[in-house]
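Residue numbers count from 1 along this sequence.
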Amino acid sequence: MTEIEITADLVRDLLREQHPDLAGLAVREVAGGWGNQMWRLGDELAVRMQRMDPTPELQLKERRWLPVLAPRLPLPVPTPVRFGEPSERFPKHWTVMTWVPGEPLDHGSISRGAHAADTLAGFLRALHVEAPDDAPIAADRGTHPRNCTDGFENFLRSVAPDDIADDIADVRAVWDDAVAAGAWEGPPMWVHGDLHPANVVVSDGTLAGIVDFGDMFAGDPAWDLAAAWVLLPAGTASRFFDMYAHADEAAIRRARGLAAMKSLFLMLMGQNGDQGLPGGKPHWGPAGRAALDRVLKGA
């Protein structure tokens, strides 16, 4: 199916059809977004439009589970308030959600590193509780790093050699250590699953909210603990793990390896952006390189 151009007029038309009481609010496009496109709706809401995602699964997952999780999370997260169903005008799903104020970290920065480390640790302690039996399970993440070696190797091969030539052996050593680490032995825990700089918002130099829960799943919390290096400034990872207080040595080793893989992914997306490829994000390259440096330092 040909991609439908999503415009402010289309968003207003859909609101008039399905939620007319919201149709008078101002509609403003939010930059970014690939699988879904976001539009501000007034001051407190946003419309999440299914765009390149081939199925509505991620939106439907957020609709189902964010209202369950949000009340006990200590940072703002987007919470669904209205559902938009496929129609002749737009044959895909869309959801009206609460807007999380702040600036995406990939366009901002963290200057209060200790505060951000404490905030992230508190958020993940609240999120990482045993998931119910009917919680979603991810096909491509959430398991031990040893099951993701093909993906790691693909990212390592795909990143431009000039960007990583001096570090390949060290990156591989971090990954091999994660693969050798003991497995998660507890019950499957709630995991955000996609903590990278575009999926957190910052304000006043620290973390102010977490967004895009479309990849959430029940599994190994090390997938989120990787954010200690992917999101936080250099030198704050140890403080984060002290505050989180629930990660043993094996979990930290798995998390560090996963952080290396996520850093390579960010670098690859930046490289794709530099080449003008679909979905590429030029500004993710420097963020990925900085994250990889933090991973290699280990602190």
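Between the CE atom of Met216 and the CG atom of Leu58 there is a distance of 9.5 Å, given to the nearest 0.5 Å. To the nearest 0.5 Å, the span separating CZ on Arg141 from CG on Leu258 amounts to 10.5 Å. Distance check, rounded to the nearest 0.5 Å: CG of Asn272 to CH2 of Trp284 gives 11.0 Å. The structure places CG of Asp242 at 11.5 Å from OG1 of Thr236, a figure rounded to the nearest 0.5 Å. Atom-to-atom distance recorded for Leu75:CG and Leu120:CG is 8.5 Å, nearest 0.5 angstrom. Atom CZ in Arg253 sits 14.5 Å away from atom CG in Leu225 (nearest 0.5 Å).
Put simply, the side chain of Arg12 never gets that close to the backbone of Leu25: no donor and acceptor are under 3.5 Å apart. Of the possible polar contacts, one joining the Trp223 side chain to the Thr143 backbone as a donor-acceptor pair under 3.5 Å is found. Judged by distance alone, the side chain of Glu29 and the main-chain N or O of Ile6 form no donor-acceptor pair under 3.5 Å. The backbone N or O of Leu14 lies less than 3.5 Å from no partner atom in the side chain of Arg89, so there is not a single donor-acceptor pair. A donor-acceptor distance shorter than 3.5 angstrom exists from the side chain of Lys61 to the backbone of Gly214, with no hydrogens or angles considered. Between the side chain of His115 and the main chain of Leu207, no donor-acceptor pair closer than 3.5 Å is present. The backbone N or O of Gly193 sits less than 3.5 Å from a side-chain atom of Asp224, completing a donor-acceptor pair. Side chain of Thr98 to backbone of Thr79: a donor-acceptor contact under 3.5 angstrom is found. In terms of modelled atom types and a separation under 3.5 Å, the side chain of Asn199 and the main chain of Asp194 share a donor-acceptor contact.
Closest approach of Pro104 to Ala198, counting heavy atoms only: CB-O, 4.4 Å. Across every non-hydrogen atom of Ser263 and Val230, the tightest pair is OG-CG2, 4.5 Å. Nearest heavy atoms, Arg146 versus Thr149: O-OG1, 3.4 Å. The minimum heavy-atom distance linking Phe83 with Thr95 is given by the pair CD2-CG2, 4.3 Å. Closest heavy-atom contact between Ile110 and Pro233: CG2-CG, 3.7 Å. Trp184 and Gly219 make their closest contact through NE1-O, 4.2 Å (heavy atoms, listed as atom of the first residue, atom of the second, distance).
Side-chain contact between Asp106 and Leu266 is absent, with no heavy-atom pair separated by less than 4.5 Å. For the pair Val179 and Phe152, the minimum side-chain heavy-atom distance is 4.5 Å or more. Looking only at side-chain heavy atoms (C-beta outward), Asp167 and Arg289 come within less than 4.5 Å of each other. Proximity of Asp13 to Phe90: side-chain heavy atoms (C-beta onward) are nowhere separated by under 4.5 Å. Side-chain contact check for Met261 versus Leu264: every heavy-atom pair is 4.5 Å or farther apart. At a threshold of 4.5 Å between non-hydrogen side-chain atoms, the residues Leu231 and Pro197 count as touching. In this structure, Ile164 and Leu292 have side chains that are in contact, with non-hydrogen atoms separated by less than 4.5 Å. Arg82 has its side chain out of reach of Leu45: every pair of non-hydrogen atoms, C-beta onward, lies at least 4.5 Å apart.
Placement of Val81 and Met49 within a single hydrophobic cluster is found when ILVMFWY residues are connected by side-chain heavy-atom separations under 4.5 Å, directly or transitively. A single hydrophobic cluster is seen to contain both Phe217 and Leu124, as judged by linkage of ILVMFWY side chains at heavy-atom distances under 4.5 Å, directly or through other members. In this structure, Leu22 is a member of the same hydrophobic cluster as Trp39, with clusters built from ILVMFWY side-chain heavy atoms closer than 4.5 Å. A single hydrophobic cluster is seen to contain both Ile210 and Val129, as judged by linkage of ILVMFWY side chains at heavy-atom distances under 4.5 Å, directly or through other members. Under the 4.5 Å side-chain heavy-atom criterion for ILVMFWY residues, no single connected hydrophobic cluster contains both Val68 and Leu60.
Applying the side-chain hydrogen bond (donor to acceptor under 3.5 Å, both in side chains) test between Arg48 and each of His93, Gln59, Glu62, Gln37 identifies Glu62 as the sole match. When each of His128, Arg239, Arg125 is tested with Tyr244 by the rule side-chain hydrogen bond (donor to acceptor under 3.5 Å, both in side chains), just one qualifies, namely His128.
Residue Glu153 places its CD atom among more than 12 non-hydrogen atoms of other residues, nucleotides or ligands, all under 6.0 Å distant. Around atom CG of Asp204, no more than 12 heavy atoms belonging to other residues, nucleotides or ligands sit under 6.0 Å away. Enclosure of atom CD in Glu44 is not indicated, since only 12 or fewer non-hydrogen atoms of other residues, nucleotides or ligands lie within 6.0 angstrom. Residue Gln275 qualifies as enclosed at atom CD: its count of foreign heavy atoms under 6.0 Å is above 12. Counting heavy-atom neighbours within 6.0 Å of Asp133 CG, excluding the residue itself, gives a total of 12 or less.
In this pair, His196 and Phe265 present their aromatic rings tilted. The plane angle is within the 30 to 60° band. Between Phe213 and His192, the ring-plane angle classifies as perpendicular under the 30° and 60° cut-offs.
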Would you sort out whether Val30 and Trp99 count as a side-chain contact (heavy atoms from CB on, under 4.5 Å), showing the intermediate values?
CA-CA 11 Å; Val30 178; Trp99 174 254; 4.0 Å; yes
For Leu156 and Trp175, what are the C-alpha separation, side-chain angles and deciding distance, and is it a side-chain contact (heavy atoms from CB on, under 4.5 Å)?
CA-CA 11 Å; Leu156 193 62; Trp175 181 257; over 6 Å; no
Apply side-chain contact (heavy atoms from CB on, under 4.5 Å) to Arg72 and Leu69, showing your working.
CA-CA 6 Å; Arg72 59 178 175 76; Leu69 297 174; 3.1 Å; yes
Please step through side-chain contact (heavy atoms from CB on, under 4.5 Å) for the pair Val211 and Met97, ending with a clear verdict.
CA-CA 11 Å; Val211 299; Met97 311 183 83; over 6 Å; no
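Between Trp190 and Phe123, the distance from one ring center to the other does not fall under 6.0 angstrom.
Between Glu185 and Arg254 there is no salt bridge, since no side-chain nitrogen of the basic residue lies less than 4.0 Å from a carboxylate oxygen of the acidic one.
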